[in-house]
Peer 1: 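Mind looking over this structure? Questions follow.
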Amino acid sequence: MGARSAFPDRNKEGEKKKKESIFDLSKYIDKQIRVKFQGGREASGVLKGFDPLLNLVLDSTIEYLRDPDDQFKLTEDTRQLGLVVCRGTSVVLICPQDGMEAIPNPFIQQQDG
C-alpha cells in the first residue's frame with residue numbers, strides 16, 4: 001500500500017494543484033449571454049472575461065427588473081448597468097442570449113376556462 005498524502009489537493013512536490021473549471025466559456029467571449037443570480041436577479045451582456053471561479057466581466061449589461069408584487073416574476077422593465085463584474089459564487093445559470101426562448105412550465109396544471 002502506498003502512503004497517502006495529508007494534503008490531497010497538492011501534488012508530489014507539495015505544490016497546490018490548480019483548479020480547473022468544468023465550464024469552457026471561452027467560446028462565448030465577445031458574445032451576448034444571459035446570467036441568472038441567487039436571489040432571482042437576471043442580467044444580460046457581452047462576456048468580456050471570466051476565471052475558474054466563474055467570476056464574470058460583462059459589458060453593455062442590462063438588468064431585467066422584477067415585479068414588486070411577485071419577486072419571482074420579471075417585468076418588461078430594464079435598466080442599463082454598463083460594465084459589471086459578476087461574483088461567481090452568486091451565479092446560478094449562464095446561457096447564450098441567442099437561441100434562448102421562454103417556454104410554458106410543463107409541470108403547472110393547465111386550468112380549463
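One is the number of the first residue; the rest follow in order along the sequence.
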Peer 1: Is there side-chain contact between L93 and V35, with heavy atoms separated by less than 4.5 Å?
Peer 2: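 Answer no - side chains too far apart.
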
Peer 1: Could you check whether any side-chain heavy atom of I94 comes within less than 4.5 Å of a side-chain heavy atom of Y28, counting everything from C-beta outward?
Peer 2: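 A side-chain contact under 4.5 Å is absent here.
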
Peer 1: Return the set of residues passing side-chain hydrogen bond (donor to acceptor under 3.5 Å, both in side chains) with N55 (not counting sequence neighbours), or none when no residue passes.
Peer 2: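 Result, side-chain hydrogen bond (donor to acceptor under 3.5 Å, both in side chains) vs N55: D51.
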
Peer 1: Between CZ of R34 and OH of Y64, what distance do you get to the nearest 0.5 Å?
Peer 2: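 That separation rounds to 4.5 Å.
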
Peer 1: Measure the spacing between CG of D24 and CZ of F50 and express it to the nearest 0.5 Å.
Peer 2: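 Taking CG in D24 and CZ in F50, the distance rounds to 6.0 Å.
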
Peer 1: Does the side chain of L25 come within less than 4.5 Å of L54's, by heavy atoms?
Peer 2: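 L54 reaches L25 side chain to side chain.
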
Peer 1: If you link I, L, V, M, F, W and Y whenever their side-chain heavy atoms are under 4.5 Å apart, who else ends up in the same group as L83?
Peer 2: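 For the cluster that includes L83, the remaining residues are V57, V85.
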
Peer 1: Enumerate the residue pairs fulfilling side-chain hydrogen bond (donor to acceptor under 3.5 Å, both in side chains) with a member in residues 74-84, sequence neighbours excluded, ordered by first and then second residue.
Peer 2: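 Those involving residues 74-84 are E63-R79.
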
Peer 1: With heavy-atom distances below 4.5 Å as the criterion, would you say the side chains of P96 and Q32 are in contact?
Peer 2: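 Side-chain contact under 4.5 Å: no.
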
Peer 1: To the nearest 0.5 Å, what is the distance between CG (D59) and CG (L47)?
Peer 2: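 Reported value, rounded in 0.5 Å steps: 10.5 Å.
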
Peer 1: For K31, check salt bridge (Lys or Arg N to Asp or Glu O under 4.0 Å) against everything at least two apart and list the hits.
Peer 2: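 None.
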
Peer 1: Does V84 have any side chain to side chain contact (heavy atoms under 4.5 Å, CB included) partners at least two apart in sequence or in another chain, and if so, which?
Peer 2: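 With sequence neighbours excluded, V84 shows a side chain to side chain contact (heavy atoms under 4.5 Å, CB included) to L58, T61, L81, C86, given in chain and number order.
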
Peer 1: Which residues pass the side chain to side chain contact (heavy atoms under 4.5 Å, CB included) test with T89, not counting sequence neighbours?
Peer 2: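 Expected list: R87.
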
Peer 1: Run the side chain to side chain contact (heavy atoms under 4.5 Å, CB included) check on R66 and R41 step by step: do they pass?
Peer 2: CA-CA 8 Å; R66 295 180 285 180; R41 284 188 168 183; 3.9 Å; yes

